[in-house]
Amino acid sequence: MHITAFSLIAPLLLLTSHVFALRHQPTVLNYTENEVCRYVHTSTNRPNGSYIRLLADESISQYEIFGFIFPPEIILDYHFPNVQKFFELYFTKKPDLYQEMMNKDGLFNVKKSGAHTEDELIFWSGVIDKEVLFPVPVSNIYCVYIVPNSEKKLDFVLPVDFKQHYGNLSYPHYLYFATLKTILTIALSLLATITYYVIIRKDWEAPKKISPVEAIAKTFVFWTLASFIVAFSIDFIQLLIENNFVATYQISQTVLALEPIAVLAKQFYVGLKSYLALLLSMGFGVLYYYNGKSVNYGNIPRNWVYIAFTYLIFDIFTAFIWQLLLNQETISLIGEPTAQPIYENARHLAYLKQFNFLVWFVLAALFYFKTKKRIATTSSKADMTSASNVALAFKRSTLTIWILPLVAKCVVMLTCYLIKVNFIHRLRPVYPPRSKLGPMLELIFDLRQMQLAQKFALLTPICLEAISAFLTASVVFIVWVKSGNRKINHKTQ
């Protein structure tokens with residue numbers, strides 16, 4: 001029976017949809033889940049565009065559930081439970097807890113907590129007997145507490161809609177989405193520019209005679225940019241759907257189906273970069289071209305391509321399983337995934353990924369010297385200048401492919417480090433050593449630090465991949481253009 005690649009990967013994608021669903025836990029409250037927090041971003045252009053909505057219907061209003069919407073920093077009374085302790089204390093010391101938390105009317109004791117502001121009302125407290133709409137006045141982390149007025153377990157589900165002025169994504173994911181849109185636009189423009197240059201320089205009188213610039217553009221450069229665009233376009237489509245059509249309290253089967261495909265596509269792109277670097281080292285685009293597509297280029301040995309492609313599949317599979325383990329996470333206090341210690345076995349696969357990279361590098365180095373020797377031996381004495389140009393361009397291209405991404409990574413990581421140091425220096429709270437407000441101030445700082453960490457986790461990889469891909473493809477293309485120009489100048493002299 002013939003087994004296709006799709007028949008092998010489809011069950012894996014189906015199986016992983018449950019794992020990726022953990023990253024999309026809906027913002028709903030019930031008798032056991034009593035708190036949820038999110039960062040809500042506001043905009044002066046849409047002052048009423050950001051809000052928190054408690055979707056209470058008749059089945060919920062009958063229970064007279066008390067609710068509290070607030071930013072954590074307004075709680076200045078140390079008796080009031082912080083977000084981390086709320087769930088634990090609700091079951092262990094509930095009577096004592098709410099004697100301090102609530103007043104004689106059964107409402108949250110916000111006056112005691114100093115939760116008022118002269119400018120705007122930045123909290124809401126009351127009975128959830130109907131749908132509650134809380135307009136968010138300023139950008140901040142906001143929490144929703146509920147207290148079911150019953151000692152026995154109640155069967156209810158209260159959806160909480162955290163609406164941003166731009167849509168439904170969390171703010172870090174929206175920054176990633178906006179960055180992705182800009183990066184994909186640049187990638188398409190760069191690919192179109194290179195394609196246009198190749199078309200206008202092509203010798204149409206001899207269509208099967210390929211110039212070195214055209215060869216490198218249609219092999220390494222094209223596949224680098226095209227695979228980048230395809231891989232991250234799936235991510236973009238997924239986020240587009242989620243931002244416009246999926247509320248925070250909902251689960252979309254379309255989004256869940258797209259997520260493992262998007263992860264697989266990105267891992268395929270990461271593996272394909274090493275695969276393309278190896279093919280270039282083998283001479284693809286330098287001495288070899290697509291089979292039968294050029295009269296002045298040979299056909300790359302099939303056994304070389306077979307070995308490289310087999311290892312590519314192994315590398316992608318390893319990376320996908322590694323990413324799968326990393327995504328087995330739970331929702332944190334501000335609605336972003338936090339890794340659990342039980343899944344630290346993913347580190348073993350991380351070591352294997354590093355070993356795979358080393359294998360790619362060693363193979364590329366071995367084939368580089370083999371191809372460099374072949375360039376010299378296959379050129380005639382009358383064409384030594386052309387061979388010298390090709391060898392120089394080949395050398396510079398190989399160095400660019402392996403060194404430029406490392407330089408870009410160092411620059412990006414240094415930038416992130418400086419931003420983090422500046423953040424800690426500016427926002428770390430200062431208070432007396434025995435201050436009762438210390439734990440709450442530290443909690444607020446930790447929440448903001450988690451928010452910054454989430455931004456770094458989302459933006460750093462895409463910026464690094466984009467910078468590496470664009471610079472590598474551009475520099476390699478320019479190297480071969482200059483090599484062709486040197487050849488023309490030599491002939492005119």
Run the side chain to side chain donor-acceptor pair (under 3.5 Å) check on Asn299 and Tyr289 step by step: do they pass? CA-CA 6 Å; Asn299 298 331; Tyr289 196 65; over 6 Å; no
With distance as the sole criterion, is a donor-acceptor pair present between the side chains of Thr42 and Ser50 under 3.5 Å? no
Using 30° and 60° as the class limits, which term best fits the ring planes of Phe177 and Phe236: parallel, tilted or perpendicular? parallel
Answer with yes or no after comparing the ring centroid distance for Phe355 and Tyr351 against a 6.0 Å cut-off, counting only values under it. no
Taking the six-membered ring for Trp, is the centroid-to-centroid distance between Phe284 and Trp304 below 6.0 Å? no
Heavy-atom side-chain proximity of Leu276 to Thr224 below 4.5 angstrom: yes
Quick one: sort the Tyr171 and His41 rings into parallel, tilted or perpendicular, breaks at 30° and 60°. parallel
Sidechain N-carboxylate O distance under 4.0 Å for Lys266, Glu465: no
Tyr311/Trp360 aromatic ring centres below 6.0 Å: yes
Kindly say whether the aromatic ring centers of Tyr297 and Tyr288 come within a distance under 6.0 Å. no
Looking only at the aromatic ring of each residue, does the gap between the centers of Tyr39 and Tyr142 stay below 6.0 angstrom? no
With a 4.5 Å cut-off on side-chain heavy atoms, are Thr318 and Gln267 touching? no
Heavy-atom closest pair (Ala408 atom, Ile467 atom, distance to 0.1 Å) is CB-CG2, 3.9 Å
Which label fits Phe309 and Tyr275: parallel for a plane angle under 30°, tilted from 30 to 60°, or perpendicular past 60°? perpendicular
Is the shortest heavy-atom distance from the side chain of Asn422 to the side chain of Arg426 under 4.5 Å? yes
Tell me whether the centres of the aromatic rings in Phe162 and Tyr249 are closer together than 6.0 Å. no
Minimum heavy-atom separation for Ser397 and Val476, please, with both atom names. OG-CG1, 3.8 Å
Sub-4.5 Å side-chain heavy-atom contact between Tyr51 and Val40: no
Test item: side-chain donor near acceptor, Asn168 and Asn243, under 3.5 Å: no
